[in-house]
Protein chains: 2
Amino acid sequence: MGERPRRARGEQTRQLILETALRLFRERGYTETTMRAVAKEAGVAVGNAYYYFDSKEHLIQGFYDRNQAAHRTTAAPVLEREKDFAARLRGVLHAGIDVNEPYHSFAATFFKTAAEPSSPLSPFSRESSPAREAAIAIFRDVVEGSSAKIDPELRKELPELLWLGWMGVVLFWVYDRSPGQRRTRRLIDGIVPLIDRLVGLSRLRVLRPALRQVLALVDSIRHDD
Amino acid sequence: MGERPRRARGEQTRQLILETALRLFRERGYTETTMRAVAKEAGVAVGNAYYYFDSKEHLIQGFYDRNQAAHRTTAAPVLEREKDFAARLRGVLHAGIDVNEPYHSFAATFFKTAAEPSSPLSPFSRESSPAREAAIAIFRDVVEGSSAKIDPELRKELPELLWLGWMGVVLFWVYDRSPGQRRTRRLIDGIVPLIDRLVGLSRLRVLRPALRQVLALVDSIRHDD
DNA sequence: GACAGCAGTTGAACGTGTTCAAGAAAGGGT
DNA sequence: ACCCTTTCTTGAACACGTTCAACTGCTGTC
């Protein structure tokens, strides 16, 4: 009956282990959840978990993907409704925080593993590439669906720059210990108008050389030649 | 003969362990260096290392302090010689990278522990406060020793903002996999003129409201009220 | 000079993430 | 029916960071 009769068994075990792990992470926290506990709770041997997941960190990838999808869903109504660039950006950023809010303490503890450059969980790693592209796509939507007049050269780079800015906001959020992370909310509300103004200014003739310089810098840094 | 006859012995062991650890970190990398190896190489028992350092991570604090001092020393000649703001800033940033260069691979692995918000090694933690103040002091020197005319309100905040920017550069450097981290060098060379120009513009009447807005944002985010 | 107290030191032991050789289960081909 | 390959599963074993109860040796006190 299943889609892939041959693989059904393995896939089932994989899901079982993943579900169990995420549940325990939520209940006890990441560090406090041992691989032995995951295996025991799932009713398999510890080695079996390592057959499906290269490491404990790799279990978090599932969390990533889930939140990624939730971000898009939560942001959708705003992107549907608003046409103003600032409103769109603001909506998407707040939506991102909304989605992650329940996991703030959990995120703070596992963040250290994601921060390691060589980690597959790093937002810049090759293994996160699909998730990263999906995230950038949201910001491409922010830009392309907006009524703002934007310099064409900037428009091309803007989604990725906004995503980078979003990573900065997330970084701030992880460190934000204020109740309900309201400082992060203030940061968003404060910085969006500034970005909006800058983007608006991008079409001015006078600022063309400066813009070119910035874009050239971004480009020279991105590729290593 | 020593300065503190009573404490001489303990302090000596402490230094020995720290020296050995940092050497092994440099030679083999952080993760690859085991506490057992440090102890053996230093000729002491494992438990002894834990008598002086709460954890393996805490050994990095010594690295922090040392590099902090080295940064100041390396930057001193430039600050002595140059009076131009851009030249001073550029010199200090490159000096910082120079000092950290030998530890790049090591830094990348230990960075994950520093990134955890609750870690005492976090640059924003209370325990790093002295090191942080010392680092900001360098940028205060950059600002105050320069010939640049800077808006007074900005001048007050600029050292901390430059330090924050420096943290950003370090973050980029940690992720920089290009040979000799030349992309980081390019980032510095590219971004310093931009900052210089912005700082120069800060005195313009027209931009006064925008500057005020930015400073207000920074202030409202810093304190949680 | 005996003693108490404390800084300094030891290494076995614990719990952790991870590995691996071995085996079980499930098909597919003949 | 038989084997052979591939997929899946096992749990003991390994190396690591860390802890801790026990021990050593120094130093100031009487």
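Quantities reported herein were computed from a predicted structural model and do not represent experimental measurements. Reckoned from all heavy atoms, side chains included, excluding hydrogens, waters and symmetry mates. Chain letters run A, B, ... following the sequence lines, proteins first and then strands; every chain starts at 1.
- The NZ atom of B:Lys56 sits 14 Å away from the P atom of D:dT19 (whole-angstrom rounding).
- In this model, the phosphate group of C:dG8 is not approached by any side-chain N or O of B:Asn48 to a distance below 4.0 Å at OP1 or OP2.
- For B:Tyr50 and D:dT18, the shortest distance from a side-chain N or O to OP1 or OP2 is below 4.0 Å.
- In this structure a side-chain-to-backbone donor-acceptor pair under 3.5 Å is present from A:Arg88 to A:Leu79.
- One finds a side-chain N or O of B:Thr13 lying less than 4.0 angstrom from the OP1 or OP2 phosphate oxygen of C:dT9.
- What separates CD1 of A:Ile60 from C1' of C:dG17 is a distance of 13 Å, to the nearest Å.
- A salt bridge (charged side-chain N to carboxylate O under 4.0 Å, His left out) with A:Glu160 is found for one member of A:Arg132, A:Arg222, A:Arg155 and no other, namely A:Arg222.
- Between A:Phe63 and A:Tyr103, the distance from one ring center to the other falls under 6.0 angstrom.
- Atom-to-atom, CZ of A:Arg28 to P of C:dT16 comes out at 10 Å; the value is rounded to the nearest Å.
- Counting only heavy atoms from C-beta outward, the side chains of B:His104 and B:Asn100 never approach each other to under 4.5 Å.
- C:dG17 atom P lies 19 Å from atom CD of B:Glu32, rounded to whole Å.
- The base of C:dG15 is not paired with the side chain of A:Arg36 by any donor and acceptor separated by under 3.5 Å.
- Note on B:Tyr51: every side-chain N or O is 4.0 Å or more away from OP1 and OP2 of C:dT9.
- Residue A:Thr33 comes nearest to A:Arg28 through the heavy atom pair OG1-CB, 3.9 Å, listed as atom of the first residue, atom of the second, then distance.
- Mapping A:Asp54 and B:Arg14 onto DNA chain C by nearest heavy atom places B:Arg14 at the nucleotide closer to the 5' end.
- Residue A:Lys40 contributes atom NZ, which lies 14 Å from atom P of D:dT10 at whole-angstrom precision.
- Per the geometry, CG belonging to A:Leu59 stands 12 Å off C1' belonging to C:dG17, to the nearest Å.
- The CD-C1' distance, from A:Glu11 to D:dT7, rounds to 13 Å in whole Å.
- Backbone-only engagement by A:Thr33 is indicated by non-hydrogen atom pairs under 4.0 Å involving sugar-phosphate atoms exclusively.
- When heavy atoms are screened at a 4.0 angstrom cut-off, A:Tyr52 is found touching the sugar-phosphate backbone but no base atom.
- Taking atom CD1 of residue B:Ile17 and atom P of nucleotide C:dG8, one finds them 11 Å apart after rounding to whole Å.
- Within the 4.0 angstrom heavy-atom criterion, only backbone atoms of the sugar-phosphate kind lie near A:Val44; the bases stay farther away.
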